[in-house]
Amino acid sequence: MKISQICQILDADTLCCKELADTQVYSACGSDMMSDVLAFVKDHGILLTGLVNPQTVRTAVMMDMKGIVFVRGKKPDAAVISLAEESGIVLLTTDYRMYTACGLLYTAGLYTDGSDKV
Amino acid sequence: MSDALNMHYIVDGSDFTTAGEASTAVKMKLKKLGIAPDIVRKVAIAMYEAEINMVIHAGGGVADVSLESDKITIRLIDHGKGIPDVELAMREGYSTAPDAVRSLGFGAGMGLPNIKKYSDEMYIDTEVGKGTTVTLIINLQ
């Protein structure tokens with residue numbers, strides 16, 4: 001699924017790296033606990049979170065993710081947006097809550113085939 | 001590759017928002033050197049968690065990374081309060097991090113287990129009141 005489609009499904013605004021909207025992502029994860037993302041996530045393309053600190057961007061960089069969706073209408077400050085720009089991480093913000101945002105993407109086909117159990 | 005390539009970083013313990021800068025720099029450097037992506041990811045995650053720990057618990061320190069022909073060694077040295085019970089600290093879910101850190105997405109007791117998971121070898125040398133040195137080895141083969 002292209003990031004532009006994720007943006008459309010979640011009625012999201014793009015905060016940076018609009019030029020990367022055609023990037024394909026193959027799965028996603030939703031978490032506010034970055035250590036869990038680092039521990040359990042495999043080859044996930046996009047992170048959904050309610051946290052807006054720089055560590056969300058750094059975690060995405062470490063995991064080779066392509067983008068972050070901030071849920072519940074959250075928006076990071078300019079320093080975080082600038083860090084994401086430097087790192088080539090697309091930032092989106094949606095008014096949907098975490099559960100709904102994940103559900104919408106899942107039902108639209110953004111999930112990994114087979115078991116996703118840890 | 002005959003000689004080791006060494007990198008040295010100072011980890012600022014006063015600002016949580018900058019935690020991870022050293023790990024990011026190492027990741028970029030290794031990527032540029034053409035190290036395999038799965039190895040780069042292991043190094044990045046293990047060092048990032050260790051760097052975060054150093055900022056949360058020890059007020060910062062230094063990180064030395066050495067790239068040799070067969071392995072990458074990361075040594076993180078701090079002069080913080082030390083770890084009184086390493087076995088307990090290694091347990092998933094055990095944490096002494098303050099709530100403020102948890103609200104930032106860390107401090108859930110996954111740091112050390114994550115570091116171990118992504119390293120081929122891990123050594124912790126710690127003394128209460130003196131500090132901690134964490135040594136991580138990631139094999140290139």
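Note that this is a predicted model, so its numbers are computed, not measured. Lettering of chains follows the sequences in order, A, B, ..., and the numbering in each one begins at 1.
Annotation for B/Lys29: atom NZ does not count as buried by contact number, only 12 or fewer foreign heavy atoms lying within 6.0 Å. Atom CZ of B/Arg102 has more than 12 neighbouring heavy atoms from other residues, nucleotides or ligands inside a 6.0 Å radius. Shown here is B/Tyr9, whose OH atom has more than 12 heavy atoms of other residues, nucleotides or ligands within 6.0 Å. Heavy-atom neighbours of A/Glu19 CD from other residues, nucleotides or ligands within 6.0 Å: above the threshold of 12. Counting non-hydrogen atoms of neighbouring residues, nucleotides and ligands closer than 6.0 angstrom, the NZ atom of B/Lys116 reaches no more than 12 such neighbours. The 12-atom threshold is exceeded at CG of B/Leu33, counting heavy atoms of other residues, nucleotides or ligands nearer than 6.0 Å. Other residues, nucleotides and ligands contribute only 12 or fewer heavy atoms inside 6.0 Å of the CZ atom of A/Arg97. A/Gln8 CD: 12 or fewer foreign heavy atoms inside a 6.0 Å radius.
The OG1 atom of B/Thr24 sits 7.5 Å away from atom CG of A/Leu83, with the distance rounded to the nearest 0.5 Å.
Residues passing the side-chain hydrogen bond (donor to acceptor under 3.5 Å, both in side chains) test with A/Thr93: none are found, sequence neighbours excluded.
Residues A/Ile3 and A/Tyr106 do not share a hydrophobic cluster, clusters being chains of Ile/Leu/Val/Met/Phe/Trp/Tyr side chains in contact below 4.5 Å. B/Val62 and B/Met54 fall into different hydrophobic clusters, defined by Ile, Leu, Val, Met, Phe, Trp and Tyr side-chain heavy atoms under 4.5 Å apart, directly or through other members. Hydrophobic clustering, with ILVMFWY side chains joined whenever heavy atoms are under 4.5 angstrom apart, groups A/Ile89 together with B/Met28.
At distances below 3.5 Å, not a single donor-acceptor pair connects side-chain atoms of B/Tyr48 with backbone N or O atoms of A/Arg58. A distance-only check finds a donor-acceptor pair linking the side chain of B/Asn114 to the backbone of A/Ser35 [under 3.5 Å].
Listed by sequence position, A/Leu51, A/Asn53, A/Pro54, A/Gln55 are the residues of residues 49-57 of chain A in contact with chain B, using a 4.5 angstrom heavy-atom cutoff.
Both the backbone and the side chain of B/Ser23 come within less than 4.5 Å of a heavy atom of chain A. For B/Phe16, the parts sitting under 4.5 Å from any heavy atom of chain A are the backbone and the side chain alike. Both the backbone and the side chain of A/Thr59 come within less than 4.5 Å of a heavy atom in chain B. Residue contact with chain A, scored on non-hydrogen atoms closer than 4.5 Å, is absent for B/Met47.
A/Met63 has its side chain within reach of B/Ile45: a pair of non-hydrogen atoms, C-beta onward, lies under 4.5 Å apart.
Ranked by heavy-atom pairs under 4.5 Å with chain B, the first of A/Ala39, A/Ala79, A/Ser87 is A/Ala39.
In plain terms, the two heavy atoms of A/Leu38 and B/Tyr118 that are nearest each other are O-OH, 2.6 Å. Listed here is the closest heavy atom pair of A/Met62 and B/Arg41: O-CG, 3.6 Å. In plain terms, the two heavy atoms of B/Met110 and A/Phe40 that are nearest each other are CE-CZ, 4.0 Å. Between B/Lys27 and A/Val61, the shortest heavy-atom contact is NZ-O, 2.5 Å.
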